[in-house]
Amino acid sequence: MSPAYPQQTPPSPPESPSEATVEVYALSAGHFSLPERFFVHPASQTARRTVPSLSFLVVHQDQETNKSTRIVFDLGLRRDTNRYSPPIQKHVETRQPMTTLPDVTASLAVGGLTPDDIDYIIYSHVHWDHVGEPRDFPKSTFVIGNGAGALLQGQGSLRGSHSFFESDLLPGDRTIELSNPYEDVEEETKREVLDSDAPDFMQEWKPCGNLPRTLDVFHDGSLLIVDSPGHLPGHINLLAKTGPTSSIYLAGDACHDRRIMRNEREIGEWLDDHGHICCIHADKKLAEQTIERIQVLEKGGVEVIFAHDFEWEEDPKNRSRFFGRS
Ligand SMILES: [Zn+2]
């Protein structure tokens, strides 16, 4: 006898046989100034705000082998802005005042780490204020979301003076581009690392709770890469389990202002010199859906931190959460 309805397996969290967790530390990686009207609506025409470009250190220790894996999420601003491409240097002029020190390498040094200690750098996305100076990390492997590689190669037309990318940003032999979250992963590209203590970036995207597409990086539930579309192709977030009941969601540029999270403001739009409607998010509708999912997580007790989260940075209780300051 067949059931009246097709049996569906409800989405379930990744198997967490262990109580595996990761440590998460903030890394200061520069500050710059943003016109408020580019991010929220309504906003004054003149209001500007100094915001951080935060990076994060995520440390995973394998419970069986004790092997440590160190991941840095985003590299923030480039210490020497003259090393940005000319269009970005022009854009940088509109983001003053700006400070690039301490950059991510100086912030790692506060806690006693050098770039050579960093195994992986995961980029939330490849905008100029997140990519930092990859050549500072000659041994690390870089991980980018699906579609970010095409952007770096100049494919795709995005409006806005911040949307210029460097084709030679990343070393091809040390860069992993994640698979398309909306397509099945081909069997031969899956790496069987279930019994290994190495991170697995080539697995199938799976739902977890209210998040439809995630990668369980260490197969122990301690760190998820979360498909978080809308801001820029390849935009990804991290959901880090930091204790038995505590988790941190690193939201990149999914949102720029907590008033949007509190439904007090909408995502801003403006007209460029040619009269085109511009938005800081490449796809505003998708960005709104991503924000809704993050709101659900926050209501469930997950701590949410954005890359430019001035409110989080200014909160005195977070000062000790920067690497080397605890
Ligand atoms: Zn961005």
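Quick note: residue numbers are just sequence positions, from 1. In what follows, every heavy atom counts, from backbone to side chain, and hydrogens, waters and symmetry copies are set aside. Each ligand, and each atom within it, is numbered from 1 in the order the structure gives.
- Because the distance cut-off is set at 2.8 Å, D129 fails to qualify as a neighbour of the Zn ion (ligand 1), as none of its N, O or S atoms comes that close.
- Formation of a donor-acceptor pair under 3.5 Å by the T214 side chain with backbone atoms of K206 is found in this model.
- An angle of 100° is found at the Zn ion (ligand 1) between H231 atom NE2 and H125 atom NE2, rounded to 10°.
- When distances to the Zn ion (ligand 1) are checked against a cut-off of 2.8 Å, H130 contributes no N, O or S atom below that limit.
- The main-chain N or O of K67 is never found under 3.5 Å from a side-chain atom of D62 such that the two would form a donor-acceptor pair.
- In this structure, the side chain of T290 does not engage the main chain of G230 through any donor-acceptor pair within 3.5 Å.
- Between H60 and D220, the closest heavy-atom pair is NE2-OD2, 2.7 Å.
- Looking at H127, its N, O or S atom nearest to the Zn ion (ligand 1) turns out to be ND1.
- No other N/O/S atom of D253 lies as close to the Zn ion (ligand 1) as OD2 does.
- At least one donor-acceptor pair closer than 3.5 Å links the side chain of N146 to the backbone N or O of L178.
- Under 2.8 Å from the Zn ion (ligand 1) lies no N/O/S atom of H235, from backbone or side chain alike.
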